[in-house]
Amino acid sequence: MTDDLFSLLSPDGVLSDAANASVDLRGMFSDMVMSRRVDTEAIALQRQGELGLWPSMLGQEAAQVGAGRALNPRDVAFPTYREHGVAWCRGVDPVSLLGLFRGTTLGGWDPTANNFNLYTLVIGAQTLHAVGYAMGIVRDGDVGTGDPERDRAVLVFLGDGALSEGETNEAFVWAAAQNLPIVFFCQNNQWAISAPYSVQSRVPVAQRAQGFGFRGVRVDGNDVVASHAVTVEALEQARAGNGPTLIEAFTYRRNPHTTSDDDGRYREGAMTDDWTTLDPIERLRTYLTTIGTDEDFFAEVASQETELSERLRAGCRALPDPEPASSFLHTYAEMPADLERQMNDHLEYVAAGEADPA
Amino acid sequence: MSTAIAHALNEGLRSVMEEDDKVLLIGEDIGRLGGVFRVTDGLQKDFGEQRVVDAPLGEAGIVGSAIGLAMAGYRPVCEIQFDGFVFPAMNQIITQLAKYRHRSEGRVSLPVVIRIPVGGGIGAIEHHSESPEAYFAHTAGLRVVSPSSAQEAYDLIRASVRSDDPVVFLEPKHNYWLKGEIDRSAAPAPIGTAKVVRPGDDLTLVTYGALVPTAVKVAAAAAEDGRSVEVIDLRSLSPIDDATIFASVERTGRLVVAHEASQTAGLGSEIVARVQDELFYSLEAPAIRVTGYDTPYPPSRLEGDWLPGLDRILDAIDRSFTY
């Protein structure tokens with residue numbers, strides 16, 4: 001199933017001559033290591049009771065960092081809830097990813113600050129938001145001008161399970177019919193909780209684009225160089241006005257769906273072991289070592305990792321509980337009078353409880 | 001010169017599109033055809049296909065893409081072709097549109113308007129006569145409005161497009177061709193307020209949308225029996241303008257609420273609950289709801305008796321006075 005994948009960095013760490021010589025492999029390595037550290041720390045924080053839940057991205061670092069680093073600052077990313085590596089590449093403070101899972105917020109960051117939208121938990125819903133945003137880019141005239149400072153595109157993330165949602169299929173229809181500047185980046189990690197990809201479809205993900213009328217590309221999602229290259233190319237096509245692309249980054253969800261899931265009930269550990277040998281970080285480490293990368297580089301990354309861990313642990317515990325009024329204040333741009341009454345009743349109730357904690 | 005409600009909506013949309021080039025329309029058959037009720041007639045010709053977008057068939061796509069357009073700084077007005085066809089869009093409306101401002105901690109507003117022709121009485125086939133307002137009114141984060149006249153249609157559509165909150169805009173399709181005068185110079189009331197359309201002293205009759213003209217006829221008929229009925233047009237179904245209702249019922253001591261939608265957990269139940277909560281000792285009689293029944297909307301040959309009309313509302317008024 002992996003034979004027809006576009007790849008540039010082999011599992012044993014050999015880089016193809018076809019790879020763009022100017023890509024920042026060290027940067028990619030560092031981003032993957034740091035993203036994995038965010039993931040590992042978050043799982044630990046969940047185990048310690050600091051987070052209610054965490055959806056791990058272990059094994060998907062290459063797909064996410066490859067895609068994330070392909071974005072220009074003015075491009076806009078629409079994530080699912082597992083794009084911790086993309087968030088890292090966009091410069092979103094990783095501590096802010098934790099609030100949603102700690103219960104201190106339902107969002108956590110300003111989606112306009114880094115052009116990284118809020119996590120979307122309803123499977124596939126974000127694909128239509130991305131379509132609408134791409135329609136906005138067209139109406140702004142920011143596509144196909146040839147000015148790299150102006151042209152922009154949307155990169156929307158989805159999983160293999162989302163391909164079965166009606167809304168995703170509507171998004172494909174709209175994107176194709178309007179030739180929108182959008183790239184659908186599907187991490188086919190082969191599992192929608194317990195459902196293997198065979199439950200969703202009989203054809204490979206990328207092949208499904210053809211029926212909608214746009215390109216599908218299949219890439220080794222554990223190869224950061226190839227994932228980056230295909231996303232760069234697809235985004236260039238989108239910005240140039242040449243329409244959408246569906247990228248299938250073929251990878252594997254090595255951890256359970258979330259920390260609440262028990263994958264021992266539906267899959268064999270041996271399969272996960274096989275994919276561990278295809279680890280995206282180790283193959284790039286092998287290559288970087290082969291070309292004589294200085295030990296100091298790896299030491300520096302390791303030291304940044306330690307720093308990040310400490311920041312995540314302290315940052316998580318310091319996340320403030322939301323104010324009792326916050327839900328009321330954020331529901332409407334203008335608060336209705338009746339809601340204001342409800343808020344005041346609630347605040348009075350809360351204050352009474354604090355005054356007399358029976 | 002008097003104007004039909006459909007034309008008043010068209011005029012209102014045209015005016016906000018002229019004032020703000022971020023306003024655009026999306027819906028099925030709204031461009032070349034002008035919409036199945038012709039509410040958007042001529043707008044694509046004048047504003048172009050980028051601003052009056054003929055959508056692929058897909059209601060989730062209409063609302064979902066409107067959300068994305070709003071994130072990109074636009075003010076989209078969606079048209080859902082018929083009330084019974086809004087349900088494929090409910091996921092986008094409830095889990096995304098209504099919640100996004102809250103999810104973003106107030107950082108991002110989604111100024112999206114969803115226009116839906118609603119209600120029965122036109123002899124239509126299934127799914128073309130429904131009253132889904134309670135679903136929306138129950139959902140925090142949405143505003144729900146319904147115009148009853150040409151003036152209200154013109155004012156409310158303009159105010160809704162300008163609102164930074166998402167607005168579900170329910171158009172009483174039975175009355176699309178009901179004509180009335182429009183004062184285009186008057187500053188419209190902010191959305192969220194009810195209106196006393198006929199003052200009275202003895203009983204308060206609250207309704208909205210297609211039943212407002214009926215309610216005015218009811219009040220005229222009741223007056224012949226010496227009963228002075230005050231008719232309140234809710235205009236805003238969420239939020240509900242309690243103050244206007246309370247001020248009226250405190251004076252009259254009697255309340256009847258009428259709507260086409262089914263009874264259980266409908267707007268009438270909410271209004272009655274609020275009034276008894278606030279004005280228990282002011283009430284001379286139990287508050288009464290006159291509504292559609294708790295069945296699916298019937299075949300159109302039965303709709304005349306199924307819908308609350310003049311006689312059923314008058315009967316309820318009678319029951320209130322003879323309690």
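Chain A is the first sequence line, chain B the second, and so forth, proteins listed ahead of strands; every chain is numbered from 1. In this text the structure is predicted, and so the values were computed from the model without any measurement.
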Inset, instruction - Decide yes or no for Glu105(B) and Leu329(A): does some side-chain heavy atom of the first lie under 4.5 Å from some side-chain heavy atom of the second? - result: no
Legend entry - Residue part contacting chain B, namely of Ala171(A), when any heavy atom lies under 4.5 Å: neither
Inset, instruction - For each of Met135(A), Gln178(A), Gln126(A), Glu170(A), tally heavy-atom pairs with chain B at distances under 4.5 Å, and name the one with the top tally. - result: Glu170(A)
Legend entry - Contacting region of Lys22(B) [heavy-atom separation from chain A under 4.5 Å]: side chain
Legend entry - Proximity breakdown for Asn169(A) and chain B, heavy-atom pairs closer than 4.5 Å: neither
Inset, instruction - Look at Val173(A), Asn117(A), Leu100(A) and state which one has the largest set of heavy-atom pairs under 4.5 Å with chain B. - result: Asn117(A)
Inset, instruction - Under 4.5 Å heavy-atom distance to chain B, tell me which part of Glu334(A) shows up: side chain, backbone, both or neither. - result: both
Legend entry - Tyr332(A) (side chain) donor-acceptor with Gly141(B) (main chain) under 3.5 angstrom: yes
Legend entry - His138(B) atom NE2: more than 12 heavy-atom contacts under 6.0 Å: no
Inset, instruction - Identify which of Gly108(A), Gly132(A), Pro111(A) forms the greatest number of heavy-atom pairs closer than 4.5 Å to chain B. - result: Gly132(A)
Legend entry - For chain B, the option from Gly166(A), Ala130(A), Ala177(A), Gly136(A) that forms the most heavy-atom pairs under 4.5 Å: Gly136(A)
Legend entry - Any Gln50(B) side-chain heavy atom under 4.5 Å of Val138(A) side chain: yes
Inset, instruction - Tell me, yes or no, whether the heavy-atom count around Phe87(B) atom CZ, taken from other residues, nucleotides or ligands under 6.0 Å, exceeds 12. - result: yes
Inset, instruction - Without swapping roles, check the side chain of Asp164(B) against the backbone of Ala333(A) for a donor-acceptor pair under 3.5 Å. - result: no
Inset, instruction - Calculate, to the nearest 0.5 Å, the distance between atoms NE2 and OG1 belonging to His102(B) and Thr331(A) respectively. - result: 4.5 Å
Inset, instruction - Look up atom CE in Met71(B) and atom NE2 in His129(A), then write down how far apart they are to the nearest 0.5 Å. - result: 5.5 Å
Inset, instruction - Determine the minimum heavy-atom distance between Trp174(A) and Ser65(B), stating which atoms define it. - result: CZ3-OG, 3.3 Å
Inset, instruction - For the residue pair Arg107(B) and His330(A), establish whether any side-chain heavy-atom pair is separated by less than 4.5 Å. - result: no
Legend entry - Selection from Val108(B), Leu57(B), Leu142(B), Val63(B) maximising heavy-atom pairs under 4.5 Å formed with chain A: Leu142(B)
Inset, instruction - Take atom CD of Glu18(B) as the centre, draw a 6.0 Å sphere, and report whether it contains more than 12 heavy atoms from other residues, nucleotides or ligands. - result: yes
Legend entry - Salt-bridge contact Asp21(B)-Arg139(A) (side-chain N to carboxylate O under 4.0 Å): no
Legend entry - Proximity breakdown for Ser104(B) and chain A, heavy-atom pairs closer than 4.5 Å: both
Inset, instruction - Select one option (side chain, backbone, both, neither) describing which atoms of Ala60(B) are under 4.5 Å from chain A's heavy atoms. - result: both
Legend entry - Atom group of Thr120(A) that falls short of 4.5 Å from chain B, counting heavy atoms: side chain
Legend entry - Ile62(B), part contacting chain A, at a heavy-atom distance under 4.5 Å: both
Legend entry - pair Leu118(A)-Tyr100(B): side-chain heavy atoms closer than 4.5 Å: yes
Legend entry - Gap separating the CG atom of Leu128(A) from the CG atom of Leu69(B), nearest 0.5 angstrom: 11.5 Å
Inset, instruction - Taking atom CD of Glu19(B) as the centre, report whether more than 12 heavy atoms of other residues, nucleotides or ligands fall under 6.0 Å from it. - result: yes
Legend entry - Chi angles and distances behind the side-chain contact (heavy atoms from CB on, under 4.5 Å) call for Asn91(B), Val122(A): CA-CA 9 Å; Asn91(B) 177 46; Val122(A) 179; 3.6 Å; yes
Inset, instruction - Could you look at Ser238(B) and say if it's the side chain, the backbone, both or neither that has a heavy atom under 4.5 Å from chain A? - result: side chain
Inset, instruction - Mind ranking Val131(A), Leu121(A), Asp338(A) by heavy-atom pairs under 4.5 Å with chain B and telling me who comes out on top? - result: Asp338(A)
